[in-house]
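Starting from 1, each residue takes its place in the sequence as its number.
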Amino acid sequence: MEAADGEEQHFAPPPIGDMNELLNPGQEENIQGQMEEFLGPHSEYNEEEEEKKYYRRKRLGVIKNVLAASFGAMIVYSVYVGLLQMQLILHYDTTYREVKYSNLGLEDIDRKMLMGINVTPIVGLLYTAVLIRFLGTKWMMFLASGIYALFVSTNYWERYYTLVPSAIAIGVAIVPFWASLGNYITRMAQLYYEYVNYEKEHVQEQKKLPKGACHSYIIVFHSIFNIIFHLSFVFAEFPMCLVLNRYLHDDKHTLYNVKFCGAKVSGVIPGFNTTVLTSLPRSMLLIQVESVLMGFAFLSMIIFLVLCGAAHRPTEEIDLRSIGWGNIFQLPFKHLRDYRLRLLCPFFIYSGFEILFAITGFSLTYGVCILGLKNLWLLVVVYGLSCSVFSSLSLLILRFPRWVCLMSGAVVHFILLVVLMAFSVQRKENQTYSEYMGPLLVITALWGLGSALNKTGLSTVIGMLYAEEKERLDFVYTIYRWWEAIAIFIVYLWSNMPMRAKLAILLATLLVASYCYWLMERRLAKDLRPRLPRIPRPRHKVIAFSLTHENFKYKHLLHMLQNAQN
């Protein structure tokens with residue numbers, strides 16, 4: 001034991017070979033220098049240049065959003081109009097109804113379906129602003145495009161309980177969809193201005209924009225939107241032109257009992273034959289057409305979902321909702337105190353009158369009645385191309401006063417309405433009317449010119465009047481589209497009136513609208529301040545946490561950080 005205690009304890013020497021490099025003081029300093037060089041500011045990094053690249057990408061994103069919203073709306077509306085037109089022509093034919101759906105009463109279903117589409121938007125003012133604030137502008141457009149896709153899907157199984165509810169859903173979505181689109185395009189113009197002038201103080205502090213600062217961007221973006229959107233009338237005629245036209249009777253059969261066309265007519269086309277199809281289209285062919293339309297409807301939903309960015313920052317979305325749902329419900333009504341909106345209301349109504357008159361009144365009572373049902377697609381295509389091309393004329397507002405666009409469209413429509421009041425044709429047997437093709441196409445193109453100036457001008461004027469009031473845009477565009485929906489409902493009611501009475505109503509509305517617009521511009525020139533309703537300040541919820549065991553450590557860490565800063 002003593003020998004054992006006296007033995008010296010020997011420890012094994014460290015292995016000879018690779019030593020721990022961190023023990024070398026010189027190499028440790030070298031690594032520390034490399035780390036400082038890596039984490040420190042780079043000599044090649046230019047903060048100003050990187051900032052310019054960042055905002056350049058933001059501006060390209062805004063342009064992408066405008067194009068995506070334009071193409072999405074164009075696809076949605078072309079699918080809707082094309083399917084509805086084909087559906088109504090097929091259901092009008094008595095042979096088609098008796099052979100395929102003898103006990104369903106398709107004619108009665110069509111009447112109720114059109115009633116659902118045209119009547120339901122009347123109550124749109126009650127819920128549109130609430131829906132847009134609750135869902136957000138982008139998600140409102142996506143949801144509305146989904147409802148249009150639902151309408152397409154119900155045509156696979158044509159029954160009362162599928163067609164009528166989907167038509168009512170379309171009527172519910174019309175005003176929110178178009179109000180969201182107008183709000184979205186104007187908001188993109190505001191964002192583009194902010195990304196161009198990101199260095200300015202009022203942009204960095206997110207203050208109200210200077211008066212007239214973003215007007216040029218509003219004009220350009222609304223012009224782009226209308227140029228693309230009006231192509232929907234062209235693409236809507238593809239099912240008619242490529243599929244349905246080969247099954248239609250010639251003019252001698254469909255117009256055999258028609259005596260007068262044009263201004264002397266009461267109703268739409270009195271005496272029009274109730275059998276318009278030479279043979280019934282195959283069910284599989286109709287399913288294929290509806291499947292193609294369904295695919296495009298889904299494409300529009302994907303465009304709105306994936307390619308369209310948000311219209312507001314997350315904090316702005318929270319502020320827009322935080323003013324209280326009761327206030328959001330009331331504010332569209334309160335904005336009617338503004339004399340600018342009140343004086344623009346006749347133009348809103350005329351806008352609804354003229355677009356539906358062009359598609360249903362003029363194209364049927366003048367076009368189809370004289371040229372035949374097989375030429376309907378040609379009239380609508382010419383109208384759509386004319387609207388698309390002449391929408392670019394609204395860019396003249398960049399150089400001329402803003403009233404030039406609206407008043408020019410009003411002058412064109414005034415002349416055409418006077419001409420249409422005197423234009424009537426008496427049909428006779430064994431006589432062709434191809435000589436009227438040229439004049440009717442010219443009138444159609446000129447009406448498209450007036451419609452383009454009207455639609456683009458109205459959207460642009462509203463955007464310019466409220467360019468600095470981004471929290472009011474959804475309310476004013478809701479009022480615009482609601483009055484337009486009221487006008488479309490009135491056109492739906494007057495279908496059996498004499499044509500000269502319809503033209504007189506259009507003419508009187510146009511004159512009143514022009515006079516009211518002149519009054520509005522005169523008051524603005526006198527710098528008469530409008531009466532705007534006060535928008536309440538956002539009320540954010542404040543959540544207080546009690547000092548419990550779970551959050552005590554976070555409270556302790558916060559206290560330590562405050563002490564470290566001091």
Side-chain angles (χ1 to χ4, degrees), residues 125 129 179 182-183 185-187 189-190 193 207-219 221-223 330-354 393-414 450 453-487 506-535:
L125 193 62
N183 180 19
I185 300 299
T186 307
R187 182 65 189 132
Q190 293 173 341
Y193 169 81
K207 293 182 179 178
K208 184 181 291 188
L209 301 182
K211 189 173 182 180
C214 59
H215 285 184
S216 58
Y217 303 120
I218 291 174
I219 295 167
F221 285 2
H222 278 286
S223 298
Q330 297 174 25
L331 280 169
F333 300 94
K334 290 182 178 180
H335 273 81
L336 289 172
R337 301 172 186 168
D338 187 351
Y339 73 83
R340 297 174 296 180
L341 280 179
R342 288 203 310 271
L343 292 175
L344 281 174
C345 281
F347 244 122
F348 298 160
I349 296 172
Y350 179 75
S351 177
F353 281 168
E354 63 92 5
L393 292 179
S394 62
L395 295 174
L396 293 174
I397 308 177
L398 293 169
R399 295 284 180 242
F400 296 98
R402 63 180 170 220
W403 57 265
V404 170
C405 189
L406 274 178
M407 289 297 101
S408 300
V411 169
V412 172
H413 276 184
F414 177 82
L453 295 174
N454 178 5
K455 294 289 184 186
T456 314
L458 269 180
S459 299
T460 305
V461 165
I462 294 173
M464 293 170 69
L465 291 177
Y466 294 90
E468 299 79 34
E469 307 280 348
K470 61 184 177 183
E471 67 276 5
R472 302 182 189 273
L473 286 176
D474 48 355
F475 300 130
V476 296
Y477 278 106
T478 295
I479 293 171
Y480 168 33
R481 296 302 180 179
W482 179 70
W483 278 111
E484 207 171 48
I486 294 291
L506 277 168
L507 196 57
T509 308
L510 179 61
L511 292 175
V512 172
S514 302
Y515 174 71
C516 290
Y517 181 73
W518 174 77
L519 277 182
M520 186 201 75
E521 290 289 355
R522 186 180 177 187
R523 291 186 183 183
L524 288 174
K526 291 181 178 179
D527 202 18
L528 185 62
R529 189 173 180 180
R531 183 185 175 190
L532 290 172
R534 188 183 67 85
I535 295 182

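- Between Phe347 and Tyr517, the ring-plane angle classifies as perpendicular under the 30° and 60° cut-offs.
- Not a single donor-acceptor pair under 3.5 Å links the side chain of His335 to the backbone N or O of Val476.
- In this pair, Phe221 and Tyr217 present their aromatic rings tilted. The plane angle is within the 30 to 60° band.
- For the atom pair Tyr350 OH and Ser514 OG, the distance stands at 8.5 Å (nearest 0.5 Å).
- Although no hydrogens or angles enter the test, the distance criterion places a donor-acceptor pair under 3.5 Å between the side chain of Arg342 and the main chain of Arg337.
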Item to check | Evaluation steps, side chain to side chain contact (heavy atoms under 4.5 Å, CB included), between Leu344 and Tyr480 | outcome: CA-CA 9 Å; Leu344 281 174; Tyr480 168 33; over 6 Å; no

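- Atom CZ of Arg402 is separated from atom CD1 of Ile218 by 11.0 Å, given to the nearest 0.5 angstrom.
- Judged by distance alone, the side chains of Ser216 and Tyr193 never bring a donor and an acceptor atom under 3.5 Å apart.
- Thr456 and Ser223 are not linked by any side-chain donor-acceptor pair at a separation below 3.5 angstrom, with hydrogens and angles left out of the test.
- Between the side chains of Tyr466 and Asn183, not a single donor N or O lies within less than 3.5 Å of an accepting N or O.
- Ion pair Glu484/Lys455 flagged as a salt bridge, since at least one NZ, NE, NH1 or NH2 atom sits closer than 4.0 Å to an Asp/Glu carboxylate oxygen.
- A distance of 6.0 Å separates OG1 of Thr478 from CG of Asp474, quoted to the nearest 0.5 Å.
- Heavy-atom neighbours of Phe333 CZ from other residues, nucleotides or ligands within 6.0 Å: above the threshold of 12.
- In this structure, Arg481 CZ and Ile486 CD1 are separated by 14.5 Å, a value rounded to the nearest 0.5 Å.
- The side-chain tip of Arg523 points at the ring of Tyr339 from less than 6.0 angstrom away and within 45° of straight on.
- For Gln190 (side chain) and Ala467 (main-chain N/O), a donor-acceptor pair under 3.5 Å exists by modelled atom type.
- Residues Trp483 and Cys345 come closest through the heavy atom pair NE1-SG, 3.2 Å.
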